[in-house]
Amino acid sequence: MSDRIYARIAGTGSYLPEKILTNDDLAQFVDTSDEWIQARTGIRQRHVAAEGETTCDLAYQASLRALEAAGVAASELDLIIVGTTTPDLIFPSTACLLQHRLGAEGCPAFDVNAACSGFVYALTVADKFVRSGAAKNVLVVGAETLTRMLDWNDRTTCVLFGDGAGAVVLKPDTETGILSTHLHADGGKKELLWNPVGVSVGFRPEEKNAGVRVLMAGSDVFKHAVKALDSVVDETLEANGLDRHDLDWLIPHQANLRIIDATAKRLEMPMERVIVTVDRHGNTSSGSVPLALDEAVRSGRVQRGQLLLLEAFGGGFTWGSALLRY
Ligand code: ACO
């Protein structure tokens, strides 16, 4: 037995708001069609948070399920990290709100904002805490209400996103767990995918297209995403001395089926070994990877002992991966 401590996923959970918005629903108020959206993105529908339902509400439900699956009580948590770019408030962090709601008072709690890579970033931080022995039971959440910052008249963005949350509980394990994580960012590309308002620049700067909404140069983002993901999956396999054929499952960020296809091809993985939820969830940003993971676990596809590659790409740009033995 080695002395090494791994962070192992002890339980997963997820939550989607009740309301579903189909492509046909969207086509009633914006100039688009089910055919276009499905052909370009693979999305058929997305979930939308109810009025008054917040990111913390979604995170709370996902967390309850993950804690139950892990057999861990909220009072046993040593750390809570929430990946989100749509926090309930500017402060306190959504993680602090969640900590109180769960009744886990006392443990550290903070948010990580890395747009759609938020969960992979949060998981990486949590992994370091567990590996170093600084924390034992860690709750890692990816939760978003992205639909709250969409311009519903902009067909180039409003058709892409949905709301949802996923969570995992990490515990130390001497045998196996997260094998490696790899994070990257390129702040120089910020204007290709951003929401250009905020506390310090002001919420209504005098510039074209300003407002609380996502702006994206879609085809540029697409090209950067495919390239960055190709590179990070190669980096991950190389760091672990593994061949692409060793992987059991690819659990990718769910932004666009064509991006997922491209990564699967790079890995020579048949789509039967790729978890796809984008058709039903749209892009839930930080929520997408843990939502897909939870669905794969609960449906019985992902089994203990299998090798999983998680990856994500988002605004920033940010991108990253996690290789783990489930
Ligand atoms: N319905 C109908 N037509 C549309 C729609 C729509 N919803 N949206 C755009 N179009 C039109 C455009 O106006 C354009 O028309 P034109 O040729 O007359 O000018 C045409 O369709 C093609 O537009 P493109 O933008 O070139 O289409 P593309 O094939 O690139 O698909 C998409 C667009 C789906 C946005 C794609 O580029 C994409 O998925 N990009 C990456 C998104 C992503 O990964 N984001 C990262 C994570 S998000 C985050 O971090 C918050």
Side-chain angles (χ1 to χ4, degrees), residues 21-46 55 83-87 112-122 142-164 183-187 189-198 212-230 232 252-263 276-279 281-289 291-292 310-321:
L21 195 66
T22 66
N23 293 346
D24 285 336
D25 293 337
L26 276 167
Q28 288 181 15
F29 57 85
V30 66
D31 181 17
T32 190
S33 66
D34 178 47
E35 195 189 0
W36 191 95
I37 301 171
Q38 286 213 43
R40 299 289 178 127
T41 71
I43 299 168
R44 288 189 282 117
Q45 61 171 53
R46 70 288 293 142
T55 295
T84 188
T85 191
T86 48
V112 171
N113 177 351
C116 294
S117 310
F119 178 77
V120 173
Y121 264 64
E144 304 277 9
T145 46
L146 239 296
T147 65
R148 290 276 158 69
M149 59 179 186
L150 295 176
D151 175 353
W152 291 101
N153 297 310
D154 176 7
R155 67 178 184 174
T156 67
T157 51
C158 78
V159 304
L160 303 174
F161 297 96
D163 301 329
L183 298 183
H184 296 278
D186 179 0
K189 308 286 188 313
K190 76 171 194 289
E191 283 162 30
L192 295 179
L193 173 55
W194 64 331
N195 187 333
V197 300
V212 181
R213 60 183 146 159
V214 175
L215 301 177
M216 178 167 74
S219 60
D220 288 331
V221 175
F222 190 101
K223 286 175 210 144
H224 282 287
V226 170
K227 210 168 142 206
L229 291 170
D230 276 357
V232 84
H253 172 48
Q254 310 281 323
N256 185 316
L257 191 56
R258 287 154 55 212
I259 298 177
I260 296 173
D261 269 337
T263 309
V276 175
T277 56
V278 69
D279 53 331
H281 303 174
N283 180 351
T284 57
S285 190
S286 292
S288 102
V289 171
L291 263 159
L310 281 46
E311 48 85 336
F313 180 89
F317 289 142
T318 57
W319 64 100
S321 67

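Position 1 is the first residue of the sequence; numbering continues from there. Heavy atoms only: backbone and side chains are in, while hydrogens, waters and symmetry mates are out. Order of appearance sets the numbers: ligands from 1, and atoms from 1 within every ligand.
If you number the atoms of ligand 1 from 1 as listed, the ones under 4.0 Å from a heavy atom of F161 come out as 48 (S), 51 (C). Atoms of ligand 1 lying under 4.0 Å from any heavy atom of T41, numbered from 1 in the order shown and given with element: 34 (C). The distance from ligand 1 to the heavy atoms of G315 drops below 4.0 Å at these ligand atoms: 49 (C), 50 (O). Every atom of ligand 1 with a heavy atom of F313 under 4.0 Å away is listed here by number and element: 47 (C). Taking a cut-off of under 4.0 Å to the non-hydrogen atoms of N283, the atoms of ligand 1 that pass are 47 (C), 48 (S). With ligand atoms numbered from 1 in the order given, ligand 1 contributes 35 (C), 42 (C), 45 (N) to contacts under 4.0 Å with heavy atoms of M216.
Annotation: side chain of L26 is in contact with side chain of L21 (closest heavy-atom distance under 4.5 Å). Put simply, the side chain of I259 reaches to within 4.5 Å of the side chain of L229, judged on heavy atoms. Looking at heavy atoms from C-beta onward, D279 lies out of side-chain contact with L257 at the 4.5 angstrom threshold. Side-chain contact check for V30 versus C158: some heavy-atom pair is nearer than 4.5 Å. Residues N23 and R46 are in side-chain contact: their nearest non-hydrogen atoms beyond the backbone lie under 4.5 Å apart.
When the heavy-atom distances from atom 51 (C) of ligand 1 to A115, S288, G314, C116 are ranked, the shortest goes to C116. Among E35, R155, Q254, the residue whose heavy atom lies nearest to atom 12 (C) of ligand 1 is R155.
Within the 4.0 angstrom cut-off, atom 5 (C) of ligand 1 has one or more protein heavy-atom neighbours. Shown here, atom 18 (O) of ligand 1 is out of close reach of the protein: none of its heavy atoms lies under 4.0 Å off.
Looking at L193 against ligand 1, only its side chain comes within 4.0 Å, counting heavy atoms. Here A255 has side-chain heavy atoms under 4.0 Å from ligand 1, and that is the only part of it that gets that close. With a 4.0 Å heavy-atom cut-off, ligand 1 is reached by the backbone of T32 and by its side chain too. In I259, the part holding a heavy atom less than 4.0 Å from any atom of ligand 1 is the side chain. Neither the backbone nor the side chain of V214 has any atom closer than 4.0 Å to an atom of ligand 1 (non-hydrogen atoms only). When non-hydrogen atoms are compared, ligand 1 lies under 4.0 Å from the side chain of V159 (C-beta onward) but not from its backbone.
For ligand 1, the polar-atom distance check finds no N/O of S285 at less than 3.5 Å from any of the ligand's N/O atoms. Ligand 1 has an N or O atom lying under 3.5 Å from an N or O atom of G218, backbone or side chain. By the 3.5 Å distance cut-off applied to N or O atoms, V221 is not counted among the residues near ligand 1.
Protein heavy atom nearest atom 25 (O) of ligand 1, with residue, atom name and distance: S219 N, 4.5 Å. Nearest to atom 38 (C) of ligand 1 among the protein's heavy atoms is N256 ND2, 3.5 Å. Of the protein's non-hydrogen atoms, R40 NH1, 3.5 Å is the one closest to atom 28 (P) of ligand 1. Here the heavy atom of the protein found nearest to atom 31 (O) of ligand 1 is R258 NH1, 3.9 Å. Looking only at heavy atoms of the protein, atom 33 (C) of ligand 1 is closest to W36 CH2, 4.0 Å.
The distance from atom OG1 of T32 to atom CZ of R155, rounded to the nearest 0.5 Å, is 7.0 Å. Between the CG atom of D230 and the CD atom of E311 there is a distance of 9.5 Å, given to the nearest 0.5 Å.
A salt bridge links D186 with K189: the closest approach of a Lys/Arg side-chain nitrogen to an acidic carboxylate oxygen falls below 4.0 angstrom.
Between the side chains of D24 and Q28, no donor-acceptor pair is found at a separation under 3.5 Å. Side-chain atoms of S288 and Q254 form no donor-acceptor pair, as typed in the model, at a separation below 3.5 Å.
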Take F313 and V226, measure what side chain to side chain contact (heavy atoms under 4.5 Å, CB included) needs, and give me the verdict at the end.
CA-CA 9 Å; F313 180 89; V226 170; over 6 Å; no
**Prompt:** Does the side chain to side chain contact (heavy atoms under 4.5 Å, CB included) test come out yes or no for R44 and T22, once each step is laid out?
**Reply:** CA-CA 6 Å; R44 288 189 282 117; T22 66; over 6 Å; no
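A side chain to side chain donor-acceptor pair (under 3.5 Å) with T145 holds for exactly one of T55, T84, T284; it is T55.
The aromatic rings of H224 and F317 sit tilted relative to each other, their planes meeting at an angle between 30° and 60°.
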